[in-house]
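Structure first, then comments.
Positions are given from 1, in the same order as the sequence printed here. Just follow the structure's listing: the first ligand is 1, and inside any ligand the first atom is 1.
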Amino acid sequence: MRTLAFLALATALSAQTPRPGVNYDEAKAGGDSLPDLKLTTADEWTKTRRPEILKLFEDHVFGKTPANLGTPKFEVTATKKDALGGLATRKFIHISLPDRPAWQGMDVMLYLPNDAKGPVPCFCGLSFGGNHAVSKETDIPLSTRWMRESKEKHIVDHKATEATRGTESSRWALEMILKRGFALATAYYGDIEPDHADGWKDSLRAAVSKDGADTVWKDGEWGAIGAWAWGLSRIADYLQTDAQVDGKHLAVIGHSRLGKTSLWAGAQDERFGFVISNNSGEGGAALMRRDFGETTAIITKAFPHWFTKTYTRYAGNAAACPVDAHMLIALAAPRPIYIASAVDDQWADPKGEFLSGKFASPVYALFGKKGVVAQEHPAIDQPVGDFIGYHIRTGKHDVTDFDWTQYLDFASRHWTR
Ligand code: GTR
């Protein structure tokens, strides 16, 4: 009993352990004055305002994704028809850029339900650990493209190793996804860019830049999130060539920094008909003008490589940034989008994540659609929303079956109506 009580206390404390200089007092969060969406009509939004806001995110937050990196090449390198005890077909697809041979390419792992009657809708997302970490199957090749160790003590090293086999499987609800008639396509974010300050030297970004690994990071140029988001779009390119996939029904999903990535991928690439932010927090769904949990100052110090250089100017000065997270959510409009928070993830500012959906809702109204519907932060484990789904779940910073249940329900609801 004592152990259990201690564990409960330790969990509660760790969720809100005060870090010096980090505010967890709602009364002091501020962030009430947001940049104006300047809404007129749906037509004007689509033709003018949306492209303006997209450009502001390129210039000030994520950097511009280079165009014309050449036509990607797809090679199906393996197919297993009786994966997961016969539930699925598993394919590996190597994606490369023949015009940019310096990039080593990425390996997509695609699971398709075997009882499908035709092409199936597909969820696409990057993993922290690699394909072998996503699935419990033990015959999945290990990526070897993450070459140097991270030198920074505060950055968790996500280099793929034998020790991480299956370790992310609880985050991917694979059997549930397949049994409900969806496919899952995933790839390792380290194939695109190893995630630490020097990772870009072995990354797509260095491989395609004219100066290679001597490139100086400049204002407006893409950071790691931009590169990872580019990778998600290449997965979409492949999926649209696969006859077993319904290329008109693609969802993009990501957790945490990869949730910031899925939001940016969904903003740039409208083929993603459903966008999911799982606990994306600062630089993702959380309003940056709110001082609650992680802030622009903290994130740009700890992870400058995720963003464009310009973004560092807003450290301690988020109010000067011409955009905020409600505009990132609005870039998904009128497509369905889902924002998920967790109670013990105060670092990601759950209320700020909810408010970005609430304040993006008027853009959906332009298209005659309802966004979040709730005016106040909803009760725990009570999903709300129509075209902008939202929930705050019990538990910690993670992706759980509860989260996936909502995403699958949401996709089914929107894609059958
Ligand atoms: C944290 C970071 C968050 C979030 C998270 C993650 O350290 O402060 O912004 O991205 O990492 O990706 O797990």
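Without hydrogens or angle criteria, His255 side chain to Ser127 main chain gives no donor-acceptor distance under 3.5 Å.
Because its NZ or CZ atom is both nearer than 6.0 Å to the ring centre of Phe303 and within 45° of the ring axis, Arg257 counts as a cation-pi partner of that residue.
Of the N and O atoms on the side chains of His305 and Asp198, not one donor lies less than 3.5 Å from an acceptor on the other residue.
For atom 13 (O) of ligand 1, the candidate residues are Gly254, Gly283, Gly293, Ser256; the nearest heavy-atom contact is made by Ser256. The option from Glu294, His255, Glu282 that lies nearest to atom 2 (C) of ligand 1, judged by heavy atoms, is Glu294.
Residue Ile299 approaches ligand 1 through these ligand atoms, each under 4.0 Å from one of its heavy atoms: 9 (O). The contact set between ligand 1 and Lys260, taken as ligand atoms under 4.0 Å from a residue heavy atom, comprises 3 (C), 4 (C), 9 (O), 10 (O). With ligand atoms numbered from 1 in the order given, ligand 1 contributes 9 (O), 10 (O) to contacts under 4.0 Å with heavy atoms of Trp306.
When only interatomic distances are considered, the shortest N/O to N/O separation between Ser280 and ligand 1 does not fall below 3.5 Å.
Counting only heavy atoms of the protein, atom 7 (O) of ligand 1 lies nearest to Phe303 CZ, 3.5 Å. For atom 11 (O) of ligand 1, the nearest protein heavy atom (residue, atom name, distance) is Arg257 NH2, 3.0 Å.
Summarising the local packing, CG of Asp211 is surrounded by more than 12 heavy atoms from other residues, nucleotides or ligands at distances under 6.0 Å.
Remark: Lys80 engages Glu137 in a salt bridge, criterion side-chain N to carboxylate O under 4.0 Å.
Within the 4.0 Å heavy-atom criterion, neither part of Leu258 lies near ligand 1.
Checked against a 6.0 Å centroid threshold, the rings of His158 and His196 do not count as neighbours.
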Quick one, Thr394 with Phe402, criterion side-chain contact (heavy atoms from CB on, under 4.5 Å). Give me CA distance, side-chain angles, the key distance, then yes/no. CA-CA 9 Å; Thr394 306; Phe402 177 89; over 6 Å; no
